[in-house]
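Remarks on the structure that follows.
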Amino acid sequence: MRTTIQLLIFVSALALLGCGRSREDALEGLSGTVKVDGSSTVYPITEAVAEEFQREHPNVRVTVGISGTGGGFQKFTRGETDINDASRPIKASEIAAAEQNKIEFIELPVAYDGIAVVVHPKNTWAQSLTVAELKRIWEPAAQGNITRWNQIRYEWPSREIHLFGAGVDSGTYDYFTEAIVGEEGSSRGDFTSSEDDNVLVQGVAQDENALGFFGYAYYEENKDKLKLVALDDENPKDGEGPIHPAPETISNGTYQPLSRPIFIYVKRDAAERPEVQRFIEFYLQNAPMLVREVGYVPLPERAYQLALERFQKRQKGSMFAAGGSQVGVSIEELLRKESGERE
Amino acid sequence: MKVRRAASWIQIWKELIFQAVCLLILMASLIALVALLADVYADGFSRLSWDFVTGFPSRFPHRAGILPALLGTIYIMLLTVLLAFPVGVGAAIYFEEYASVEHTRFSQLVEINIANLAAVPSIIYGLLGLAIFVRMLSLGQSLLAGALTLALLVLPVIIIASREALRAVPASLREASFALGATRWQTIRRQVLPLAFPGILTGTILALSRAIGETAPLITIGALTYVAFIPEGLFSPFTVLPIQIFNWISRPQAEFHANAAAAIGVLLPLLFLMNGGAIWLRNRFQKRLR
């Protein structure tokens, strides 16, 4: 018994010793902690920024969690985090929660994310779809009714259509239903869904009758197994005819309506802390390069400048009037309009 | 005579078939394990290196490492054992050695509830931990809050296993001890506990093996994903290997999937080591008893 106890004490002592080890302080003023949580879609960008930022400021600790956009906002509006990663604008209910807890926030767009609509490479017929056709496939009324490809276009084969889509808890699903069906969170229920986009990639890649949607980055990494479907929103103002998602069409607003901005939200009080302030400035200054590196589409150069100005002026509130997911917005225009109105 | 011999032949055949079936089942589960290991190491072997084990997370898959997650897992398991083991064994001793004598309605009620708690989904413990440890006691998203949550999660299993072990100690032993004038506490400490200890350890191993793979409750209480420093104390933010694996496996890039496989390749030996250590401890106790 005694040796066992000694062993236990030894092990705990070792553990504590390990705990006590800290990094050598560099000769640099900035220190403290920056707490980030929120969307797993935005996570790779924030991770990249945090990695580079800590190389420059080794005494600042940046921590990033993945509670999801909604879960992150719950913590953010209670004042538990400094920054929230969000793949959609803040909702009215979340703003109300923030006001109740006296949390003010600054909304900053950081990148574009496109949603790709894909089929199996052996699918020769579906080169493009219109938004109206996609709506007919995905709306709640389609459940059990639209089950064959030739119900969408007469000339397409009479084969079953198998649907794959993002899980209902994801921001991708929220945005897709808002953009295509016209109501956030409303769709048919008889499709294969997963929160993990890799599962959807596998599903579509193994099924010749499949049609699926998920984040564009997942298409980029699996180009050889999938085929893109071009999208036609039948609105000549943002490009004639069907348009394929690509970094250019996602950022110039022609791949509509499935390209969306993604955000970070900064707590206004936290922005007064030098480490948080420096982190946000670093974020917006380095985003163009880092966003591309992790597989997302950067905003136009000018939009980052406007976002930085917005942060420096500590302009609080949301540009989206608390609407949740919104479709077809040009971030640059919104930022410009906002800063123009206030000057 | 003839009939009886035929019957015995049938008996022998039955015996053989039963043995074969048992062996087959054993092989099936072993093959599943070997296939899993082979798959993991085939995917992740190229990434397994000292740099991987001692590195920090990164957006570049080839530069990313698991040190904060690995140490986070080790610290949190140590803390969980320190918290859950004494409480769990204490509760079991109370139920078996003290409460069972009176056998009140209250202790029966508690007993049923503990058995129920063992089947509660782990995410519920995460929500409980978030409300009580993270918010009410304002421990924040710290190692201590995580360990307390996991300790709650494994407590019912430890209690139930410890009770079974205590119950297996023959009553005659206790009676003999009392007859020699020993108090209840002396009997428990000198006679009952040493005999039950191997069984208690087995239960604890099983409980901890469950805890080491838990992701959901820790994500719920707000364990982080990107932590580029080693946890510094009980109140430090932390991450654990399962969360790191979960994050890498859901990334689009195949290189991150290889990282996830390599991280599993580290988590499994850690589990083997932990279980091996507990089995070694158990054997030592058993030897001493003889």
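Letters A, B, ... mirror the listed sequences (proteins, then strands); counts begin at 1.
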Query raised in the report: Counting heavy atoms not belonging to Phe246(B), are there more than 12 under 6.0 Å from its CZ?
Result: no
Query raised in the report: Could you give the distance from CG (Asn198(A)) to OG (Ser250(B)), rounded to the nearest 0.5 Å?
Result: 7.0 Å
Report summary line: In this structure, CG of Leu130(B) is separated from CD of Gln74(A) (nearest 0.5 Å) by 8.5 Å
Query raised in the report: Under the criterion side chain to side chain contact (heavy atoms under 4.5 Å, CB included), which of Thr46(A), Val64(A), Asp37(A), Ile66(A) is the partner of Thr225(B)?
Result: Ile66(A)
**Report entry** More than 12 heavy atoms from other groups under 6.0 Å of NZ on Lys35(A)
**Finding:** no
Query raised in the report: Side chain, backbone, both or neither: which part of Thr220(B) has a non-hydrogen atom closer than 4.5 Å to chain A?
Result: backbone
Report summary line: Checked Pro44(A), Ser40(A), Ser67(A) vs chain B; the most non-hydrogen pairs under 4.5 Å come from Pro44(A)
Query raised in the report: Non-hydrogen atoms of chain B under 4.5 Å away: do they reach the side chain of Asp196(A), the backbone, both or neither?
Result: side chain
Query raised in the report: Distance from Phe238(B) atom CZ to Thr63(A) atom OG1, nearest 0.5 Å?
Result: 11.5 Å
Requested in this report: Assess whether atom CD of Gln100(A) is packed by more than 12 heavy atoms of other residues, nucleotides or ligands within 6.0 Å.
Outcome: no
Query raised in the report: Would you call Arg251(B) and Glu221(A) a salt bridge, taking side-chain N to carboxylate O under 4.0 Å as the test?
Result: no
Report task. Could you look at Val36(A) and say if it's the side chain, the backbone, both or neither that has a heavy atom under 4.5 Å from chain B? Result -> backbone
Query raised in the report: Given side chains that start at C-beta, do those of Tyr226(B) and Glu51(A) come closer than 4.5 Å, heavy atoms only?
Result: yes
Query raised in the report: Of the backbone (N, CA, C, O) and the side chain (C-beta and beyond), which part of Leu290(A) lies under 4.5 Å from a heavy atom of chain B, both, or neither?
Result: side chain
Query raised in the report: Salt bridge between Arg59(B) and Glu47(A), side-chain N to carboxylate O under 4.0 Å?
Result: no
Report summary line: For Ala217(A) and Pro252(B) the tightest heavy-atom approach is O-CB, 3.7 Å
Report task. Against chain B, label Tyr43(A) side chain, backbone, both or neither, depending on which of its atoms sit under 4.5 Å from a heavy atom there. Result -> side chain
Query - Gap separating the OG atom of Ser236(B) from the CZ atom of Arg61(A), nearest 0.5 angstrom - result: 6.5 Å
Query raised in the report: Hey, what do you get for CD (Glu52(A)) to OG (Ser58(B)), rounding to the nearest 0.5 Å?
Result: 8.0 Å
Query raised in the report: Which value, rounded to the nearest 0.5 Å, describes the distance between Glu220(A) atom CD and Gln253(B) atom CD?
Result: 10.0 Å
